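Notes to accompany the following structure.
As the structure is a prediction and not an experimental result, all values here were calculated from the model. FYI, the numbering just counts along the sequence from 1.
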Amino acid sequence: MSNQEPIANYKFNYKTTANKVMKNINLSGKTIIITGGYSGIGLEMTKQLSRAGAKIIIPARRMEVAKKNLSKIKNIDILPLDLTNPESIHQFAESFLQNNSKLDILINSAGLMYLPLKRDSRGIEYHFATNHLGHYQLTMELLPALKNAKNSRVINLSSRAQQMTLLLEDWNFEKIENYNPQIGYQQSKTANVLFSIKLDELGKKYGIRSFCRPPWYDSNDKYWSSKFTNYPLAPLPSRLF
């Protein structure tokens, strides 16, 4: 496991806004995939990274919503993707690899939160299937492009909720009475953290670095507002660039 060390003279903190982080950043020539990049905090990341000149690919389960929300943003391609469907993930990755030689940044931001017990077509609990397994498969299938970038980044959006639950022995809640929406979500976020640590350990020699971040917010929960631009937005760390 790699040690987490503070960055010397780090100039950002939990109050830092997206505009401040992205000031003077030029991402021309960079290719970025952002899951969940058409709503909420993912949409703000899309706006900021597009303004910096990057080519952005947005995977979307709700294509019409994505097209509407992204209609005024430049340098955007939208492709269908359902993170609970392995074949959909494979088709997305295959299409991307056929049309792109490299992937500079992969931001796994999409997620579900506090759902009643629900399972995908494989019988896997929905939080775990979407928040962890879907992003795990997507990242693994995109490894050739991440390696080709020589200096790529994978960012997994986690949550402070991961501190409350470890991976459970009954991770798939075969005993239905064990299910709790909060625990289901928290466990999936713990899996995001563990995946990030191992990916960073194994990916270093290929030029792939992996990080995991929670979405920070101020005391009034303003990050849920539609006006993200001037609010704290830690998922855009400077070490991305």
Side-chain angles (χ1 to χ4, degrees), residues 1 33-43 45 58-66 69 79-94 106-143 154-202 210-217 221 223-225 234-235:
M1 182 182 298
I33 291 176
I34 309 174
T35 70
Y38 59 96
S39 64
I41 202 167
L43 177 57
M45 284 190 277
I58 303 297
R61 179 173 57 85
R62 299 176 295 162
M63 288 293 288
E64 292 307 313
V65 174
N69 291 353
L79 296 175
L81 173 68
D82 180 351
L83 285 168
T84 67
N85 185 326
E87 182 56 31
S88 174
I89 297 170
H90 177 69
Q91 290 177 359
F92 172 88
E94 188 176 55
L106 170 60
I107 303 178
N108 291 322
S109 176
L112 301 172
M113 185 176 185
Y114 299 163
L115 297 179
L117 182 58
K118 181 179 180 181
R119 301 186 187 278
D120 68 8
S121 60
R122 299 165 292 181
I124 298 174
E125 189 272 321
Y126 231 63
H127 289 103
F128 204 78
T130 303
N131 298 350
H132 173 54
L133 292 181
H135 284 129
Y136 171 82
Q137 180 187 342
L138 178 64
T139 304
M140 292 299 98
E141 296 215 25
L142 291 172
L143 276 180
V154 177
I155 310 298
N156 291 305
L157 196 66
S158 182
S159 166
R160 292 192 297 179
Q162 63 88 14
Q163 301 173 33
M164 303 173 189
T165 304
L166 300 175
L167 286 180
L168 305 175
E169 183 176 349
D170 183 17
W171 63 270
N172 199 35
F173 300 98
E174 300 300 333
K175 294 181 180 179
I176 297 176
E177 62 271 20
N178 289 340
Y179 184 73
N180 175 291
Q182 286 76 22
I183 292 176
Y185 172 75
Q186 292 161 6
Q187 175 184 232
S188 71
K189 297 289 101 179
T190 296
N192 290 157
V193 173
L194 295 175
F195 172 48
S196 299
I197 292 171
K198 195 64 178 179
L199 177 61
D200 189 63
E201 178 187 330
L202 298 177
S210 175
F211 302 93
C212 199
R213 290 209 58 108
W216 293 102
Y217 49 89
D221 280 349
Y223 97 105
W224 289 111
S225 167

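One finds the CG atom of Leu133 at 10.5 Å from the CG atom of Leu83 (value rounded to the nearest 0.5 Å). To the nearest 0.5 Å, atom NZ of residue Lys189 and atom SG of residue Cys212 are 7.5 Å apart. Atoms CZ and CG, on Arg62 and Asp82 in that order, are 12.0 Å from each other to the nearest 0.5 Å. In this structure, the separation between CG on Leu194 and OH on Tyr136 is 13.0 Å, given to the nearest 0.5 Å. A distance of 14.0 Å separates CH2 of Trp171 from CG of Asn178, quoted to the nearest 0.5 Å. Atoms CD and OG, from Glu87 and Ser121 in turn, are 11.0 Å apart once rounded to the nearest 0.5 Å.
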Item checked: Full working for side-chain hydrogen bond (donor to acceptor under 3.5 Å, both in side chains) between Asn131 and Ser188 -> CA-CA 6 Å; Asn131 298 350; Ser188 71; 3.0 Å; yes

Next item on the list: Could you walk me through whether Ile107 and Leu157 pass the side-chain contact (heavy atoms from CB on, under 4.5 Å) test, one step at a time?
Entry: CA-CA 8 Å; Ile107 303 178; Leu157 196 66; 5.9 Å; no

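No side-chain donor from either of His127 and Gln187 sits under 3.5 Å from a side-chain acceptor of the other. Counted by atom type alone, Asn192 and Ser158 present zero donor-acceptor pairs between their side chains at under 3.5 Å. At a cut-off of 3.5 Å, with distance as the only test, a side-chain donor of Thr139 or Asn108 sits close to an acceptor on the other residue. A donor atom on one side chain and an acceptor atom on the other are not found under 3.5 Å apart for Gln186 and Gln182.
With a 4.5 Å cut-off on side-chain heavy atoms, Leu79 and Ile58 do not count as touching. For the pair Val154/Ser196, no side-chain contact is recorded, criterion being any heavy-atom separation below 4.5 Å from C-beta on. Side-chain contact between Pro86 and Gln137 is present, with heavy atoms from C-beta onward closer than 4.5 Å.
When every heavy atom of Phe173 is checked against every heavy atom of Arg119, the shortest pair comes out as O-NH2, 2.7 Å.
The 12-atom threshold is exceeded at CD of Glu177, counting heavy atoms of other residues, nucleotides or ligands nearer than 6.0 Å. Residue-environment remark: OH (Tyr179) exceeds the threshold of 12 foreign heavy atoms within 6.0 Å.
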